[in-house]
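Have a look at the structure below before the remarks.
Everything numeric here is computed off the predicted structure, so don't read it as measured data. Just so it is clear: chains get the letters A, B, ... in the order the sequence lines come, proteins before strands, and each one is counted from 1.
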Amino acid sequence: MEDEGEGVRAVPLAGHVGFDSMPDQLVNKSVNRGFCFNILCVGETGLGKSTLMDTLFNTKFEGEPTQHNQPGVTLKSNTYELQESNVRLKLTVVNTVGFGDQINKEDSYKSIVEFIDAQFEAYLQEELKIKRTLHSYHDTRIHACLYFIAPTGHSLKSLDLVTMKKLDSKVNIIPIVAKSDAIAKSELAKFKIKITSELVSNGVQIYQFPTDDESVAEINSTMNSHLPFAVVGSTEEVKIGNKMVKARQYPWGTVQVENENHCDFVKLREMLIRVNMEDLREQTHTRHYELYRRCKLEEMGFKDTDPDSKPFSLQETYEAKRNEFMGELQKKEEEMRQMFVQRVKEKEAELKEAEKELHEKFDRLKKLHQDEKKKLEDKKKSLDDEVNTFKQKKTAAELLQNQAQQAGGSTTLKRDKERKN
Amino acid sequence: MGQQKNLDGYVGFASLPNQVYRKSVKRGFEFTLMVVGESGLGKSTLINSLFLTDLYSTEYPGPSHRIKKTVQVEQSKVLIKEGGVQLLLTIVDTPGFGDAVDNSNCWQPIIDHIDSKFEDYLNSESRVNRRQMPDSRIHCCLYFIAPSGHGLKPLDIEFMKRLHEKVNVIPLIAKADTLTPEECQQFKKQIMREIQEHKIKIYEFPETDDEEENRLVKKIKDKLPLAVVGSNTIIEVNGKRVRGRQYPWGVAEVENSDHCDFTILRDMLIRTHMQDLKDVTNNVHYENYRSRKLAAVTYNGVDNNKAKGQLSTKSPLAQMEEERREHVAKMKKMEMEMEQVFEMKVKEKVQKLKDSEAELQRRHEQMKKNLEAQHKELEEKRRVFEDERSNWELQQRLEQQKMEASRTLEKNKKKGKIF
């Protein structure tokens, strides 16, 4: 913490005040709360990731060895409660399953990046809540990423470079050479140099053990020069002398895990757990998380200063965002309404057209009908005329008949009468 | 949450507390303490006694020597080091508090100051680019009660009621060497009674899992509020050099726990609970301020109905996201409804058109039938008529023939042909 120059005076104390207990007060609180650490292991199937974790933490963690037939890269996460003297550690180990097994590995890094981002996002969401409980939040952000390099002895694979490049701004990367008992000592030194130079030339930022604190500066800077650590993992124990040690037994000799001449396991454990665990957590929070947060907020349109470079207050920022957002929603609503109005209009016109056609059709029919009726009337009339004509004829004829009958009527009448009888 | 695992050997994360220790020493500490009380209650003397330094001196006078017409809130920062640990101590004092004739609202500048420090922190926490966030929030407020021996003054009650939810309030009985132990006991009981009566929440010592610690905590709780004496002078008593106040009848020793509760205050405030005071400020008082502030921002411009509900736990951004989703759902619903109404209306109209067509068709059929019927009728009529006519004509012809025949007969008769 730097001196705040203005108005701060340093004053001598006339006795023991007691605030030198502050670090202890702080430590006590942390111990009571418990600690939390999350490790991500990235590497191809079969590089001994699970074994290394078991070796580092002196226990057997979950899981069966995975097959090589995974269709994509998935991340499997397991959380464990560990305790050592009065220190409780909530350890989460995340493994990449299926990394490097596909024919097309272009998207291998994607699920890893997504996972890391998802943890940042969860923390960010909690941090942004109105009612939040940060001090009891289970932090799932990845504090350290152990990148397992295959012990080819030549150089890094392009998958390794691509992946590490994508991860270096999101997580503390500690590259390690896995199963390093497969490499001879002379080749190992060359391999390490090659790896380091490839990382540098590709601009990959790996985690540097911090050298700003005098008490650990020396050991950290020494260790930095031993990166990447060449490790061997084993949970099997072999009797060496009169001790049981973790080792791998070969016909030509026994590789002792904790022998610093045989591999860098001890260095890894020292750096990762015993010296810099807290720094890894701090870096994750103050550097990687802040970067994620900054990008996310900028993406959403938040700024610290308005166009005139005057700082926004929190209220103004949120209000501006909110107004913009509401405006957008209203516009969408309006658009939808308009669309419907248009459709209604169109449909109405359509229906009107149909109605018109219908009426025209029936007008035509009506006309036909009128014509038919007229024809019928005419026919009726002509029939009536015929009937009348006939009636007249009949009447006239009957009249004539009557007259004729009256003239020579009686004899005929008699004869008719007789005939009738 | 996680699986319990046993370790088969030393891993080394037990060094984490050391790592934390190391880093915290490197970072240094800060603490902001506010002192409030009428002038002349020994506030500056107490601060000097607590921190064993001349924070207040003739060069930097205490609040009682800086009386203003209105209540001011002023701060002094000092950097003190002890045992490799660096502490940036800020003392905030309030000259003028309670000294006017009319002290209404004399707490307002103090409340405003506390809030403005919260606001500063909130703004720096909410920036896109966050750097070191200096913590100038008030971690503790020592409230000095005049040793009247009777009870709390209305101003005391009013002040504590207004501030207990914004800052850790630790009430102290000032100049306790003017009270006898019995008077002090009574006074304390009375004060605690009144504090409970008015539901004032003073700073509470946290319970721990440790039996021993809890016993100590209980002992302290029984002595609240702490009665203190401060002194800037060192006096020799029984060969020892102690801080004290010299009277003709003896020396009131500051650090003698039989004489006053100073050591309890010092131990609690500095040696055991300084970190807790900071944590409670951060986790409780600040969070209260923050959630109220953000809720106001979020609900700005939203329905009062919505705002009446309980405080949302979501961030304003998550709130907007939810509103967006709600809006999408609302639009979908609206779209569906409009679609439904549209379909219904179209169906109606189409049906009407169909009905109209059917009606017209029916009428047309009817008329056609009618006409056909008439046609038939006419046909029938014609047929009947023609039948009648042809019958009649036939009959006429027959008659004619008959007449012809009879006339011929007559003629023949007359001519002499007889049958």
Side-chain angles (χ1 to χ4, degrees), chain A residues 1 7-11 13-15 17-23 25-27 29-31 35 57-59 79-82 84-85 87 89-90 128-131 135 213 273-274 277-278 294 297 302 304 314-315 318 325 329 340 347 351 354-355 358 362 365 369 372 376 379-380 383 387 390, chain B residues 2-5 7-9 11-17 19-21 23-29 51-53 77-80 82-83 85 87 123 126-129 270-271 275 283 291 294-295 297 311-317 320 327 338 346 349 357 360 364 367 371 374 378 382 385 389:
Chain A
M1 191 184 69
V8 183
R9 11 168 208 134
V11 289
L13 301 174
V17 176
F19 61 84
D20 56 350
S21 67
M22 272 301 265
Q25 291 182 42
L26 184 63
V27 164
K29 277 199 171 265
S30 327
V31 170
F35 298 89
F57 287 97
N58 281 329
T59 187
T79 305
Y80 307 96
E81 305 268 357
L82 309 174
E84 197 159 67
S85 84
V87 178
L89 179 69
K90 203 181 217 98
L128 290 178
K129 276 190 188 167
I130 292 182
K131 255 207 159 111
H135 59 274
D213 186 344
I273 301 177
R274 299 182 184 180
M277 199 179 237
E278 184 58 25
R294 188 161 64 235
L297 291 183
F302 283 89
D304 278 335
L314 180 70
Q315 194 138 355
Y318 277 130
F325 169 74
L329 293 183
F340 260 99
K347 200 64 179 187
L351 287 173
E355 205 177 337
L358 182 72
F362 278 99
L365 282 178
H369 180 264
E372 284 290 312
L376 185 70
K379 276 203 183 143
K380 257 197 183 147
L383 179 66
V387 169
F390 172 67
Chain B
Q3 240 193 33
Q4 200 80 34
K5 281 275 179 205
L7 307 175
D8 298 325
V11 175
F13 61 81
S15 69
L16 264 173
Q19 297 180 33
V20 172
Y21 189 99
K23 279 195 171 280
S24 71
V25 169
K26 183 155 193 309
R27 218 174 14 239
F29 295 87
F51 292 98
L52 293 176
T53 184
K77 282 194 204 262
V78 290
L79 191 61
I80 45 182
E82 186 177 72
V85 176
L87 177 66
N123 281 336
S126 309
R127 284 172 63 85
V128 174
N129 276 303
I270 301 175
R271 297 184 183 180
Q275 185 61 40
N283 299 338
S291 44
L294 287 184
V297 164
L311 223 54
S312 152
T313 59
K314 294 186 210 72
S315 72
L317 291 179
M320 281 204 277
H327 192 263
M338 286 212 247
V346 164
K349 274 232 155 107
E357 182 175 359
L360 285 174
H364 167 72
M367 288 202 279
L371 269 183
Q374 287 186 16
L378 187 67
R382 176 171 280 276
F385 164 69
R389 186 170 67 176

Neighbour count above 12 (heavy atom, 6.0 Å) for B:K5 NZ: yes
Toward chain B, the part of A:K29 with a non-hydrogen atom under 4.5 Å: side chain
Engaged part of A:V11 at the chain B interface, taking heavy atoms whose separation is under 4.5 Å: both
Residue selection (most heavy-atom pairs with chain B, distance under 4.5 Å) from A:F35, A:F57, A:F340: A:F340
Exam field: side chain A:E278 to backbone B:K23, donor-acceptor pair closer than 3.5 Å: no
Pairs of heavy atoms under 4.5 Å with chain B: top-ranked of A:I273, A:L89, A:L329: A:L329
Any donor-acceptor N/O pair, B:Q19 side chain to A:R274 backbone, under 3.5 Å: yes
Partner chain B: residue of A:S85, A:S30, A:P23, A:A354 with the largest heavy-atom pair count (under 4.5 Å): A:P23
For chain A, the option from B:I80, B:V20, B:V25 that forms the most heavy-atom pairs under 4.5 Å: B:I80
Contacts of type side chain to side chain donor-acceptor pair (under 3.5 Å), residue A:R9, not counting sequence neighbours: none
Main-chain N/O of B:L371 paired to A:E372 side chain as donor or acceptor, under 3.5 Å: no
Under 4.5 Å from any heavy atom of chain B - which part of A:H135: side chain
Which portion of B:T53 sits near chain A, non-hydrogen atoms under 4.5 angstrom: both
Test item: B:Q4 side-chain N/O and A:L82 main-chain N/O as donor-acceptor pair under 3.5 Å: no
Selection from A:V27, A:V87, A:N58 maximising heavy-atom pairs under 4.5 Å formed with chain B: A:N58
A:Q25 side-chain N/O to B:Q275 backbone N/O, donor-acceptor pair under 3.5 Å: yes
Proximity breakdown for B:F385 and chain A, heavy-atom pairs closer than 4.5 Å: side chain
Which portion of A:K347 sits near chain B, non-hydrogen atoms under 4.5 angstrom: side chain
Donor-acceptor contact below 3.5 Å, side chain B:R382 vs main chain A:K379: no
